[in-house]
A.B. asks: 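A single structure is presented below for examination.
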Amino acid sequence: MGKITQLIYNNGKNYPLWIMRQAGRYLPEYMDIRNKVNNFLDLCYNPELACEITLQPIKRFGFDAAIIFSDILTIPDAFGFEVSFLKNHGPKLIQINSDFEFSSLDINKNIITKLQPVFDAIKLVKEKLPKDKDLIGFSGSPFTLACYMIEGGSSKSFDRTKEFMIKNESFFQELINSLIKAIIIYLEHQIKSGCNIIKLFDSWSGILSESYFNKFVIKANAEIVNYFKLKYSNIPIICFPKGSGTLIEDFALNVNCDILAIDQNFSTKWVVENLQNKHNKIIQGNLDNYLLAFGNFYQIENEVKKIIDNFGKKPFIFNLGHGILPSTPIKNVEFLISLLRK
Ligand code: CP3
């Protein structure tokens with residue numbers, strides 16, 4: 001049993017540690033492999049390489065959990081929207097528009113056949129991963145995937161998505177519904193392939209006002225979580241409704257996940273009172289990823305201490321508030337680990 005699973009089932013006492021994007025560009029051994037291919041998705045679809053990359057941060061740092069090396073945009077890619085990541089650019093994909101025929105999508109077939117390499121990578125990792133480590137599978141949440149599909153790539157504020165959602169609400173709801181179906185199939189196959197925890201990334205949920213947040217973030221995540229709680233009650237679920245501010249309390253009330261991942265923009269006191277105490281959620285987070293990249297040891301230690309002093313009175317998983325930055329020095333990650341193992 002891994003440390004996160006222990007925390008949930010046996011009230012484990014120490015703080016499990018893993019880091020968002022722990023397999024990535026701050027690691028020289030990742031860059032060695034990355035530089036051999038042009039499109040990053042080619043790595044995700046190569047089970048041997050994806051397995052090797054997944055295990056890199058476990059071998060180097062001994063993190064308590066591995067997260068399968070993949071991306072949230074594999075689902076739009078499997079739907080046929082041709083996702084690519086060119087060097088030094090964000091993702092690009094074909095934009096969806098309002099005359100798209102959902103009836104032409106064979107969701108089950110798309111996910112199961114096109115994403116088979118992801119499931120094969122998970123099986124390989126499961127064989128090689130030490131038994132005391134958890135293996136986290138993941139997906140983007142429906143709203144965040146819809147953002148990328150409507151925008152055709154990344155954006156600072158997803159203006160086109162908001163305009164589209166407001167003007168074409170019934171089409172947007174249909175898109176969300178198709179994504180819910182795809183995500184359930186995708187995560188279920190990840191579990192069957194060997195993942196023992198799942199995480200839903202709703203990275204752009206924070207751009208929505210309350211009514212839309214309720215409709216497209218809370219309801220959509222709840223539907224997915226309920227499916228798994230009913231069928232796989234022993235699989236812990238982490239939700240990450242990033243940037244949602246105080247709306248996360250309604251999320252906590254309505255989405256039956258075990259763990260809430262929180263970004264670095266929260267009042268610590270508010271999180272303890274409202275999420276840990278009132279709603280009994282296990283908190284995961286939330287060291288500032290910029291502090292880990294650019295802070296000195298003194299600055300990092302102070303902040304880690306503050307996080308542990310506040311969140312550590314209850315079961316707690318240490319992580320960053322967002323993905324580790326490519327410029328983060330390895331020695332800072334080693335220092336972070338030494339603080340938590342003290
Ligand atoms: O955490 C891990 O180590 C597992 C792998 C993982 C990746 N992406 C690898 C990746 C996970 C869990 C993700 C999630 C993901 N992908 C999210 C949700 C988390 C978040 O950051 O909010 C999002 C929004 C994406 C979409 C995405 N993928 C973008 C916008 C980009 C480009 C921006 C960037 O950071 O370069 C990616 C690329 C990506 N995904 C990389 C990695 C290691 C870098 C690609 C490269 O090596 O060239």
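Order of listing sets the numbers, starting from 1, for every ligand and every atom in it. Just so you know, residue 1 is the first one in the sequence shown, and it goes up from there.
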A.B. asks: Between Phe158 and Trp204 (judged by ring centroids, cut-off 6.0 Å), do the two rings come close enough to count as a pair?
C.D. replies: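 Centroid separation for Phe158 and Trp204: below 6.0 Å.
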A.B. asks: With under 30° as parallel and over 60° as perpendicular, where do the rings of Tyr30 and Phe69 fit, or are they tilted in between?
C.D. replies: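 Answer is tilted, since the angle falls between 30° and 60°.
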A.B. asks: Can you tell me how the ring of Phe228 sits relative to the ring of Tyr232, calling it parallel under 30°, perpendicular over 60° and tilted otherwise?
C.D. replies: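 Tilted, since the angle between the ring planes falls between 30° and 60°.
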A.B. asks: Could you list each nitrogen or oxygen of ligand 1 that sits under 3.5 Å from a protein nitrogen or oxygen, with the atom names and the distance?
C.D. replies:
residue, atom, partner, partner atom, Å
ligand 1, 1 (O), Arg21, N, 2.7
ligand 1, 3 (O), Gln22, N, 3.2
ligand 1, 3 (O), Ala23, N, 3.3
ligand 1, 8 (N), Arg21, NE, 3.1
ligand 1, 8 (N), Asp71, OD1, 3.1
ligand 1, 16 (N), Arg21, NH2, 3.3
ligand 1, 16 (N), Asp71, OD1, 3.0
ligand 1, 21 (O), Arg21, NH2, 3.4
ligand 1, 21 (O), His322, NE2, 2.9
ligand 1, 22 (O), Ser203, OG, 2.6
ligand 1, 22 (O), His322, NE2, 2.9
ligand 1, 28 (N), Asp71, OD1, 2.7
ligand 1, 35 (O), Arg21, NH1, 2.9
ligand 1, 35 (O), Arg25, NH2, 2.8
ligand 1, 36 (O), Arg25, NH1, 3.0
ligand 1, 36 (O), Arg25, NH2, 2.9
ligand 1, 40 (N), Asp71, OD1, 2.8
ligand 1, 47 (O), Tyr30, OH, 2.5
ligand 1, 47 (O), Arg34, NE, 3.0
ligand 1, 48 (O), Arg34, NE, 2.8
ligand 1, 48 (O), Arg34, NH2, 3.0

A.B. asks: What's the separation between atom CD1 in Ile282 and atom CZ in Phe311, rounded to the nearest 0.5 Å?
C.D. replies: 13.5 Å
A.B. asks: List the residues meeting side-chain hydrogen bond (donor to acceptor under 3.5 Å, both in side chains) with Asn265, not counting sequence neighbours, and say none if there are none.
C.D. replies: none
A.B. asks: If the plane angle is over 60° it's perpendicular, under 30° parallel, otherwise tilted; pick one for Trp270 and Phe266.
C.D. replies: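 Judged by the thresholds at 30° and 60°, the geometry between Trp270 and Phe266 is parallel.
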